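Ligands are counted one by one from 1 in listed order, and the atoms in each one are counted from 1 as well. What you see below is based on every heavy atom in this structure, not just the backbone, and it leaves out hydrogens, waters and symmetry mates. For clarity, every value in this text was computed on a predicted model and none was experimentally measured.
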Amino acid sequence: MFLRPHLRLTRRIPFNLICALLIFLAASKAANADELAVWNFNDSDLNVDHGSGTLTSNLNVVNILFAAGTTTNARQGDPAGQALSLQGGTANANNGRNLTWAVSTAGFANIVVSFATQGTSTGFNSNQFQYSLDGVSFVDFNPPYTPATAFGAVPLVFSLAAIAGLNNNPNAVFRIVFNGATSSTGNNRIDNIVVEGTSTATATIPEPTSALLLLTGISSLYKMKRRRDRHKRH
Ligand SMILES: [Ca+2]
Ligand SMILES: [Ca+2]
C-alpha cells in the first residue's frame, strides 16, 4: 500500500523522458532532411520541381531529351515519370560540355548532392562532378564516374560537408562535365537531382527546447510528489 504512489511516479518519469526524447528526435530529423532543390524531370523540362534553383546545359539543344525515369532518389513521393536523357551528338560534339545547376545554400550547411543515373555503352562514360563557390570557377570533386547501365536502387551521392565555402552560399553551383561518348545517340539518363543540407537556423533550436521540456516534465513531477507527500503528512 505504502509503496504504490512511488512506483507510479517512477513509472511516469521514463514516459515523460521518452516523450521529450521523441520530440527532440523528430525536430532534429526535420532539421537534417531539408531539400533545397529537386529536379524530377517528370514534366520533361529543366525547371526545378521542388525548392528553388536553376538548371542549364550547353549541350546541343537537339541532344537534350527526356526518357523513362526512376524512383531511385525520388523525393516527396515523386513517381518515376521521365528522366533527362543527354546524347553525345553529331561527331560527339557534346563531349566536354556540361549540365549546371545553381542552388542558393543560404542558411544551410553540410551540403549533399545526389542523383540517379544510367548510361548506354556509347554514352558519356567519364563524367566529372564539380562545384563552384562563385559560379565562375569550378573545382573537380571526386574522380570522374562511369554511369551503370541501369539506374539501380542506389543514387550517386556527393557529400560536400567538408567544403565549408559551400555552406550558407547564395552563389553555390554544381556541375557535371560529360566526356567519353562514342556515338551520336549514345546517352546518359539522369533523374531526381537533389541538393540538400542542414538548416543552420533550426539545427540549434531543438536541443534547448527539449531540455526545457525535460526540465518542465521533471519539475512538475517533483512538485506532484511534494504535494502528495504533504497531503500524506496532514
Ligand atoms: Ca523522374
Ligand atoms: Ca521540371
Side-chain angles (χ1 to χ4, degrees), residues 32-89 94 97-108 111-125 127-132 135 138 141-142 144-160 166 169-178 180-181 185-197 199:
N32 285 337
D34 287 316
E35 289 146 9
L36 308 184
V38 178
W39 283 266
N40 62 33
F41 303 105
N42 292 348
D43 44 12
S44 299
D45 63 27
L46 300 186
N47 299 332
V48 73
D49 299 293
H50 305 295
S52 52
T54 308
L55 181 73
T56 55
S57 176
N58 63 355
L59 268 71
N60 290 332
V61 176
V62 292
N63 302 123
I64 302 174
L65 304 168
F66 299 90
T70 178
T71 54
T72 297
N73 212 40
R75 302 303 165 97
Q76 304 186 27
D78 288 343
Q82 296 293 98
L84 187 61
S85 178
L86 304 173
Q87 296 181 325
N94 295 320
R97 296 188 183 175
N98 65 71
L99 184 70
T100 299
W101 56 104
V103 178
S104 168
T105 64
F108 291 86
I111 305 304
V112 177
V113 173
S114 55
F115 52 86
T117 188
Q118 67 172 32
T120 62
S121 59
T122 57
F124 307 107
N125 66 6
N127 306 333
Q128 181 64 59
F129 179 78
Q130 299 180 325
Y131 67 86
S132 174
F138 285 80
F141 186 80
N142 286 0
Y145 71 87
T146 304
T149 53
F151 280 123
V154 183
L156 285 182
V157 178
F158 299 91
S159 177
L160 300 154
L166 281 175
N169 184 340
N171 301 313
V173 183
F174 310 94
R175 173 174 279 178
I176 304 166
V177 179
F178 299 96
T185 55
N187 65 78
N188 276 187
R189 287 188 207 183
I190 294 174
D191 206 358
N192 304 318
I193 297 178
V194 176
V195 178
E196 54 200 325
S199 168

Please determine, by modelled atom types, if N188 and N127 share a side-chain donor-acceptor pair under 3.5 angstrom. yes
Can you check the angle at the Ca ion (ligand 1) formed by O of A80 and O of Q82? Round it to the nearest 10°. 90°
If I take the Ca ion (ligand 1) as the centre, what angle separates the OD1 atom of N42 from the OD2 atom of D191? Nearest 10 degrees is fine. 160°
Indicate the ring-plane relationship of F129 and W101, choosing parallel, tilted or perpendicular according to the 30° and 60° boundaries. tilted
Below 3.0 Å, can you find an N, O or S atom of N40 next to the Ca ion (ligand 2)? no
What's the OD1-the Ca ion (ligand 2)-OD1 angle here (D49, D43), rounded to 10 degrees? 90°
Is the F124 ring parallel, tilted or perpendicular to the F178 ring (thresholds 30°, 60°)? tilted
Within a strict 4.5 Å, meaning less than it, do heavy atoms of the L55 and V48 side chains meet? no
Proximal heteroatom of D45 relative to the Ca ion (ligand 2) (N/O/S): OD1
Run through I193, N187, N192 and flag the one making a side chain to side chain contact (heavy atoms under 4.5 Å, CB included) with I190. I193
